[in-house]
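This structure is a prediction, so every number in the text was calculated from the model and none was measured.
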Amino acid sequence: MLDRLQELKDEAIQKVNEANSVKELKDLRVAYLGKKGPITEVLKGMGKLSAEERPKVGQMANEVREAVADLINEKETKLEEEALVAKLREESIDVTLPGRPVGKGSKHPLTSVIETIEDIFIGMGFTVAEGPEVETDYYNFESLNLPKDHPARDMQDTFFITNDLLLRTQTSPVQTRTMEKHEGRGPVKIICPGKVYRRDEDDATHSHQFMQIEGLVVAEGIRMSDLKGIFEQFVKRYFGQDREIRLRPSFFPFTEPSAELDVSCAICAGKGCRTCKHTGWIEVLGSGMVHPNVLSMGGFDPEKYSGFAFGMGVERFAMLKYGIDDIRHFYTNDTRFLSQFNRV
Ligand code: 2NL
């Protein structure tokens with residue numbers, strides 16, 4: 001019996017040494033140490049032994065059992081450690097690799113131009129006013145001296161939402177809303193930047209959605225010379241001290257008289273080139289003295305108050321300053337275009 005136990009021990013040790021997985025060890029544990037295993041079998045046969053032999057066999061059986069169990073545990077720990085080391089090696093991160101570059105965004109050129117223009121006007125005592133892009137027919141047209149049958153309303157190709165609601169075609173409704181809030185008491189001195197919408201076919205110079213900045217001054221004794229003085233300061237600060245301005249008669253339903261503002265051409269210095277269409281002047285905005293009807297509808301007494309107003313397309317100002325030839329560049333999100341304005 002002792003021989004049989006020694007044999008079992010040798011056999012188990014060999015198998016455990018040969019085992020290559022935790023699963024194999026588990027099977028060996030069941031096979032050798034389990035209730036139906038050979039060691040248990042030996043112990044069951046102990047009844048036939050003499051009183052002298054019995055403790056020896058019992059002791060040996062326990063020793064074999066312990067030795068095999070220890071060996072299995074040891075091997076199990078070793079295999080688990082090896083598996084962990086392998087896993088860690090596989091998952092290891094090379095901290096010396098250079099990082100992936102994170103693309104840095106930049107301010108949209110239109111945002112920069114709006115901020116620049118806002119700063120110039122804030123410096124002259126204006127405040128910035130904003131309002132809804134979905135407007136009523138009243139604020140977008142009626143309050144600006146454009147009654148329903150007015151021919152200028154045909155010219156305004158408008159995105160209507162309902163009979164009465166539309167996407168604003170200019171930021172003037174923000175100004176008439178501001179006039180109402182003043183309840184007939186001046187002064188009003190605001191600029192209104194924002195998105196506007198027109199039903200145009202998009203091309204190099206037209207976009208169905210673009211940015212506008214309008215301005216409005218209403219106070220007692222405002223004259224055309226005030227408008228001209230403000231424009232002189234604005235143009236020199238935006239385009240440069242060497243630029244000249246001129247006013248040219250024009251027409252808008254909401255201003256009377258109306259004037260177009262021209263800036264001297266910087267490319268040919270007045271001699272005539274393609275940009276200024278050989279006139280030496282570039283048209284930059286529309287303006288005029290606020291029509292008495294518009295003052296009245298805004299709650300101001302046109303006998304006591306007067307004002308001037310103007311409107312400019314932001315894209316045009318950006319295109320002139322940076323030599324951009326197509327308005328669609330502003331709206332197609334090509335980073336090759338946008339990233340050029342990183343430092344503007
Ligand atoms: C243009 C012309 C202009 C105005 C806008 C205005 C607003 C009020 C009263 C009177 Cl509340 N006028 N705005 C005046 C003249 C011209 O815009 O060509 N814009 C791109």
Side-chain angles (χ1 to χ4, degrees), residues 1-112 115 130 132-134 161 167 195 202 208-209 328-344:
M1 245 176 186
L2 292 176
D3 289 349
R4 170 76 184 132
L5 282 171
Q6 187 59 50
E7 212 177 276
L8 281 170
K9 186 180 170 186
D10 292 346
E11 192 186 295
I13 287 171
Q14 199 195 340
K15 286 202 174 151
V16 170
N17 283 337
E18 282 167 3
N20 273 322
S21 70
V22 176
K23 163 97 174 64
E24 275 175 71
L25 290 174
K26 207 175 153 193
D27 292 344
L28 287 173
R29 193 192 298 273
V30 174
Y32 284 93
L33 308 175
K35 279 196 190 103
K36 288 172 190 153
I39 297 173
T40 314
E41 236 14 78
V42 171
L43 290 171
K44 275 182 194 159
M46 279 197 358
K48 292 176 205 138
L49 296 173
S50 65
E52 199 185 312
E53 271 181 318
R54 207 175 290 155
K56 281 187 191 160
V57 171
Q59 196 186 351
M60 171 109 180
N62 283 335
E63 271 170 23
V64 169
R65 195 195 275 278
E66 254 169 60
V68 173
D70 284 353
L71 194 65
I72 289 176
N73 288 343
E74 222 173 86
K75 180 86 186 234
E76 199 170 49
T77 311
K78 195 171 147 236
L79 283 179
E80 276 169 0
E81 266 170 20
E82 276 172 12
L84 183 65
V85 168
K87 195 170 173 223
L88 285 176
R89 195 180 306 120
E90 200 177 290
E91 289 177 357
S92 75
I93 298 162
D94 181 355
V95 292
T96 67
L97 275 178
R100 288 193 198 92
V102 177
K104 200 162 127 257
S106 55
K107 207 172 260 184
H108 195 282
L110 292 179
T111 306
S112 300
E115 286 175 357
E130 285 180 79
E133 287 172 32
V134 175
I161 294 164
L167 295 179
K195 289 195 186 94
D202 291 357
H208 62 281
Q209 181 257 294
R328 289 168 292 195
H329 283 310
F330 295 113
Y331 294 105
T332 38
N333 292 331
D334 187 335
T335 51
R336 291 170 302 180
F337 170 76
L338 295 173
S339 64
Q340 293 178 57
F341 299 90
N342 260 340
R343 280 171 292 278
V344 173

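- When all heavy atoms of Val64 and Leu5 are compared, the closest pair comes out as CG2-O, 4.0 Å.
- Contact record, Glu18 with Glu24: O-OE1, 4.4 Å, taken as the closest heavy-atom pair.
- Among all heavy-atom pairs drawn from Tyr32 and Leu8, the shortest one is CE2-O, 4.1 Å.
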Would Lys107 and Glu115 satisfy side-chain contact (heavy atoms from CB on, under 4.5 Å), going step by step from the backbone distance to the final call?
CA-CA 11 Å; Lys107 207 172 260 184; Glu115 286 175 357; 2.9 Å; yes
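- Screening residues 68-78 for salt bridge (charged side-chain N to carboxylate O under 4.0 Å, His left out) gives Arg29-Glu76 as the qualifying pairs, with residues at least two apart or on separate chains.
- Heavy-atom minimum distance, Arg65 versus Leu33: NH1-O, 3.5 Å.
- Smallest separation of non-hydrogen atoms from Asp202 and Arg328: O-NH1, 4.1 Å.
- Of the possible donor and acceptor atoms, none in the side chain of Thr335 sits under 3.5 Å from a partner among the backbone N and O of Leu338.
- For Asp94 and Thr96, the side-chain atoms include at least one donor-acceptor pair closer than 3.5 Å.
- In this structure, the separation between CG on Asn20 and CG on Leu25 is 9.0 Å, given to the nearest 0.5 Å.
- Distance CD1/Ile13 to CG/Leu28: 12.0 Å, rounded to 0.5 Å.
- The minimum heavy-atom distance linking Pro38 with Ala31 is given by the pair CD-O, 3.2 Å.
- Note that CZ of Arg54 is 12.0 Å distant from NZ of Lys48, once rounded to the nearest 0.5 Å.
- A donor-acceptor pair under 3.5 Å is absent between the side-chain atoms of Ser339 and the main chain of Ser106, judged by distance alone.
- Leu167 CG to Lys195 NZ: the interatomic distance, rounded to the nearest 0.5 Å, is 11.5 Å.
- The backbone N or O of Asn333 lies less than 3.5 Å from no partner atom in the side chain of His108, so there is not a single donor-acceptor pair.
- A distance of 11.0 Å separates CD of Glu82 from OG1 of Thr77, quoted to the nearest 0.5 Å.
- Between Ser112 and Phe341 there is no side-chain heavy-atom pair separated by less than 4.5 Å.
- Between the side chain of Thr40 and the main chain of Lys36, no donor-acceptor pair closer than 3.5 Å is present.
- One distance of note links CD of Glu53 with CE of Met60; it measures 13.0 Å at 0.5 Å rounding.
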